[in-house]
Amino acid sequence: MSSAKEDRKDEVAELALRRGFLWQSFEIYGGAAGFYDYGPLGALLKRGLETEWRRFYGIGEGFYEIEATTIAPRDVFEASGHLKSFADMAVVCKGCKTFFRVDERINIGERCPECGGELVDAGEFNLMFQTKIGVPKGERDESAQKKSEGYLRPETAQGIFINFPRLLRFNRDKLPLGIIQIGKAYRNEISPRKSLIRLREFTMAEAEIFVDPREKNRHPKFDTVKDRAMRLVPGEGEETEMSVEAAVKKGIIANEYLGYHVAKVGEFLERIGIPKDKLRFRQHRKDEMAHYARDCWDAEFLSERYGWMEIVGVADRGDYDLSVHASFSNTDMSVHIQSDAEQEKLIPHVIEPSFGIDRIIYALLESSLYKEQVGKEKRKVLRFKKEIAPIKAAVFPLLNRDELKEKAKEVFQKLREESIFVEYDASGSIGRRYRRQDEIGTPYCVTIDYDTLEDDTVTVRERDTMEQVRVPVAEVKDVLLL
RNA sequence: GCGUCGGUGGUCUAGGGGUAUGACUUGGGCCUUCCAAGCCUACUGCCCGGGUUCAAAUCCCGGCCGACGCACCA
């Protein structure tokens, strides 16, 4: 670990902490690993990101958002496969202390595959948080006990799958059907680490797109993305750069629908400000694929601190989820396709872009932080895109004098009335106030000076260039919203 | 979960058995006609619990948290 990397990390975390973006939860009780709270600026930033995401998938793709529960009964995860995959027994090697999940080859009493040592029970390895729903009747009745078992969802997706019949009806029985959801998910990670990278409670934004499996190679809008250049790392083979169209044609990406959504993820991440040269798509190898996935591509961000890290996963879940829920719940999850001649029943396939919002927040913080020397001082700037910047503008009186303050407050109030989140600051020198805003990524500073009192114009100073333009007060809002 | 190292104002840090150092930040005041200037002033701290000791922030034990390595990440 180079010291440059250390510095970078410390700086991002230090700034985020000091300026009220995020910090460890439960600090006054000593903290708890894997939990972070968003402070005022962090919550604004996160909200802005979520708003952009909704704009992109909701308005842009025409997907409807739902809000399902975060707790679900045992049955849901029994069906989804999470109970089995998430709640296995674990063993640990007495020799090398390596931790293993129990499977066919590895069990208590066997020999450690690493060092040949003895494997002993290490307890249950349960990544889902368990809880009780209601007061179970019949304490000794095992099935009643199981009935009352509840789990905090480890992904938001299941809430969409189990509502599929209702959602399909809402969509008047037609495919494709896209549903989105933003919400918390929970995983009781063994060793959460690296600030926002591995949390026990985190926010996901997921889209589940249900498609006719026969149509997977015919996305109606594929033309709009086909030429997008993608940096791809296939499961087997070398990193390459090619168009989405080429990747689908060569069979590197399984089908058009998946290709379309991989491309869209790239488009979204660039739009919110993730630099293209720090972005690549990596395909899961067979052995790392989740139990539900047929093909999966991770969008990875190149962190200066942590190296390549997953921030979005785009999976082709096939008909896995709908099929298992159909069978476990004894519910028809099929779609009836009617054409002139015939009627068919089929289980749709699911394409799923799944965004780790907290990791994206980290990626935004790290990749937006720029430092430069200005005169004798160092300037720290968070170069957020306007759309996601927590504070949209700050209003200053040039000097701390009553006549300027009065006018500045008037302008400040006017901008608030335009629904623009602005701050007012009159403390310290004007330069200090500019720097304060730079550090939290405020795109514009509006300064009221003596000319303002004469002709009702102000200076609007741009964050990245530090250049100023003189604008009539009435037009300030247009500049800010550009 | 294992191992190594660590935890001092809001942030960063010096120190380390006898009332804790400095810088920055922040609040108030002065000054200031555009990029962290200057002056005055004020607030704020030894992760938690137990032990040793006349005395513990300092030493010992345990816990919690963090960084790194190993493992884990469906």
Side-chain angles (χ1 to χ4, degrees), chain A residues 1 5-7 9-11 13-20 23-35 39 77 80-88 90-101 112 114-115 122-123 125-128 154-155 187-195 197-200 284 287-293 296 305-306 309-310 313 315 356 372 374-381 396-401 404 427-439 445-453 458-463 465-468 470:
Chain A
M1 187 58 59
K5 280 183 178 177
E6 296 278 4
D7 290 352
K9 186 265 158 184
D10 291 343
E11 226 165 324
E14 186 269 331
L15 174 58
L17 173 63
R18 185 165 45 78
R19 297 308 308 268
W23 49 75
Q24 229 195 342
S25 306
F26 317 115
E27 269 186 322
I28 66 167
Y29 288 106
F35 296 96
F77 301 112
S80 71
H82 286 94
L83 257 182
K84 194 162 184 302
S85 320
F86 263 61
D88 275 344
V91 290
V92 64
C93 170
K94 275 175 109 172
C96 64
K97 306 290 184 200
T98 307
F99 203 66
F100 296 99
R101 174 191 298 258
C112 171
E114 297 291 321
C115 72
F125 170 68
N126 191 344
L127 278 176
M128 285 197 294
E155 60 173 9
R187 295 180 194 181
N188 203 357
E189 297 283 358
I190 297 166
S191 61
R193 265 186 206 182
K194 299 177 176 174
S195 72
I197 311 306
R198 229 154 122 199
L199 296 171
R200 287 183 164 136
H284 282 202
D287 62 335
E288 66 175 317
M289 210 101 79
H291 62 274
Y292 50 70
C296 185
R305 173 61 170 149
Y306 302 117
M309 62 188 232
E310 176 195 351
E372 62 184 4
V374 177
K376 276 177 283 181
E377 302 292 337
K378 207 167 247 173
R379 187 169 89 109
K380 267 190 204 175
V381 194
F396 308 145
L398 179 60
L399 297 172
N400 195 6
R401 293 192 187 143
L404 292 178
S427 149
S429 69
I430 188 80
R432 174 181 296 275
R433 284 177 262 155
Y434 285 143
R435 293 291 184 272
R436 276 190 197 125
Q437 296 300 328
D438 288 342
E439 204 179 46
C445 292
V446 176
T447 302
I448 279 68
D449 56 23
Y450 282 103
D451 289 345
T452 312
L453 304 181
V458 296
T459 62
V460 178
R461 176 260 199 191
E462 203 271 330
R463 179 192 64 204
T465 60
M466 297 194 287
E467 277 165 14
Q468 299 180 15
R470 188 127 209 131

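Below, chains carry the letters A, B, ... as their sequence lines are ordered, and counting in each starts from 1.
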Any strand counts, and the cut-off is 3.5 Å on both contacts for Watson-Crick or G-U wobble. Which nucleotide pairs with [N]?
N	value
B:C70	B:G1
B:G62	B:C48
B:C39	B:G29
B:U53	none

Quote, to the nearest angstrom, the [atom1] distance that separates [N] from [M].
N	M	atom1	value
B:C24	B:G45	C1'	15 Å
B:C47	B:G7	C1'	6 Å
B:U58	B:C48	P	10 Å
B:C72	B:C2	C1'	12 Å
B:G49	B:C64	P	15 Å
B:A14	B:A20	C1'	9 Å
B:G9	B:A42	C1'	14 Å
B:U41	B:U8	P	29 Å

Rounded to whole angstrom units, what separation is found between the [atom1] atom of [X] and the [atom2] atom of [N]?
X	N	atom1	atom2	result
A:Leu453	B:U33	CG	P	14 Å
A:Met309	B:C73	CE	P	19 Å
A:Asp449	B:U32	CG	P	17 Å
A:His291	B:C73	NE2	C1'	14 Å
A:Leu17	B:U26	CG	P	15 Å
A:Lys194	B:G69	NZ	P	7 Å
A:Tyr306	B:G69	OH	P	11 Å
A:Asp287	B:C72	CG	P	12 Å

Would one find a side-chain N or O of [X] under 4.0 angstrom from OP1 or OP2 of [N]?
X	N	value
A:Arg19	B:U11	no
A:Ser427	B:G27	yes
A:Arg193	B:C70	no

N/O-N/O pairs, protein side and nucleotides 35-45 of chain B side, under 3.5 Å:
| residue | atom | partner | partner atom | Å |
| --- | --- | --- | --- | --- |
| B:C35 | O2' | A:Arg435 | NH2 | 2.7 |
| B:C35 | O2 | A:Arg435 | NH1 | 2.5 |
| B:C35 | O2 | A:Arg461 | NH2 | 3.0 |
| B:C35 | N3 | A:Arg461 | NE | 3.0 |
| B:C35 | N3 | A:Arg461 | NH2 | 3.2 |
| B:C35 | N4 | A:Arg461 | NE | 3.4 |
| B:C35 | N4 | A:Met466 | O | 2.5 |
| B:C35 | N4 | A:Gln468 | NE2 | 3.4 |
| B:A36 | O2' | A:Glu377 | OE1 | 3.3 |
| B:A36 | O2' | A:Glu377 | OE2 | 3.4 |
| B:A36 | N7 | A:Lys378 | O | 3.1 |
| B:A37 | OP1 | A:Arg432 | NH2 | 2.9 |
| B:A37 | OP2 | A:Ser429 | OG | 2.7 |

* **Any residue meeting ring pair (Phe, Tyr, Trp, His ring centres under 6.0 Å) with A:Tyr292, in chain and number order, not counting sequence neighbours** =>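 Here no residue qualifies.
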* Structure fact -> Of the candidates B:U33, B:C68, B:C34, the side chain of A:Thr459 sits closest to B:C34
* Mind running side chain to side chain contact (heavy atoms under 4.5 Å, CB included) on A:Ser427 and A:Arg432 for me, showing each step along the way? => CA-CA 8 Å; A:Ser427 149; A:Arg432 174 181 296 275; 5.7 Å; no
* To do: Say whether, by atom type as modelled, one donor and one acceptor occur between the side chain of A:Arg200 and the main chain of A:Glu189 under 3.5 angstrom.
  =>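 Checked: pair present.
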* With sequence neighbours excluded, what pairs up with A:Glu462 under the side-chain hydrogen bond (donor to acceptor under 3.5 Å, both in side chains) test? ->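 By the side-chain hydrogen bond (donor to acceptor under 3.5 Å, both in side chains) rule, A:Glu462 matches A:Thr465.
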* Asked: Mind checking what makes side-chain hydrogen bond (donor to acceptor under 3.5 Å, both in side chains) contact with A:Arg19, not counting sequence neighbours?
  -> A:Glu439
* Asked: When rounded to the nearest 0.5 angstrom, what distance separates CZ in A:Arg305 from CD1 in A:Ile197?
  -> 10.5 Å
Atom pairs under 3.5 Å, N or O on each side, protein against nucleotides 60-65 of chain B: can you list them with distances?
| residue | atom | partner | partner atom | Å |
| --- | --- | --- | --- | --- |
| B:C64 | O2' | A:Gly30 | O | 3.1 |
| B:C65 | OP1 | A:Ala33 | N | 3.3 |
| B:C65 | O4' | A:Gly30 | O | 3.2 |
| B:C65 | O3' | A:Gln24 | NE2 | 2.8 |
| B:C65 | O2' | A:Gln24 | OE1 | 3.3 |

* Between the side-chain atoms of A:Arg198 and the base atoms of B:C72, is any donor-acceptor pair under 3.5 Å? ->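 Under the 3.5 Å cut-off, the side chain and the base do form a donor-acceptor pair.
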* When the nearest nucleotide of RNA chain B is assigned to A:Leu399 and to A:Glu27 on a heavy-atom basis, which residue is associated with the more 5' position? ->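 By nearest-heavy-atom nucleotide position, the 5'-most residue is A:Glu27.
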* Asked: Which part of the nucleic acid, if any, lies within reach of A:Met289 when heavy atoms closer than 4.0 Å are counted: base, sugar-phosphate only, or nothing?
  -> sugar-phosphate
* **A:Arg193 and A:Tyr306: side chain donor to acceptor below 3.5 Å** => no
* To do: Apply salt bridge (Lys or Arg N to Asp or Glu O under 4.0 Å) to A:Glu372 and list each qualifying residue two or more places apart in sequence or on a separate chain.
  =>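 With neighbours one apart ignored, the set is A:Arg379.
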* Do A:Thr452 and A:Arg470 have side chains that get closer than 4.5 Å, going by heavy atoms? -> yes
* Asked: Can you find a heavy atom in the side chain of A:Ser191 that is under 4.5 Å from one in the side chain of A:Arg198?
  ->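 A:Ser191 reaches A:Arg198 side chain to side chain.
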* Shortest non-hydrogen contact between A:Tyr434 and A:Gln468, atoms and distance ->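 A:Tyr434 and A:Gln468 have their closest heavy atoms at OH-NE2, 3.7 Å.
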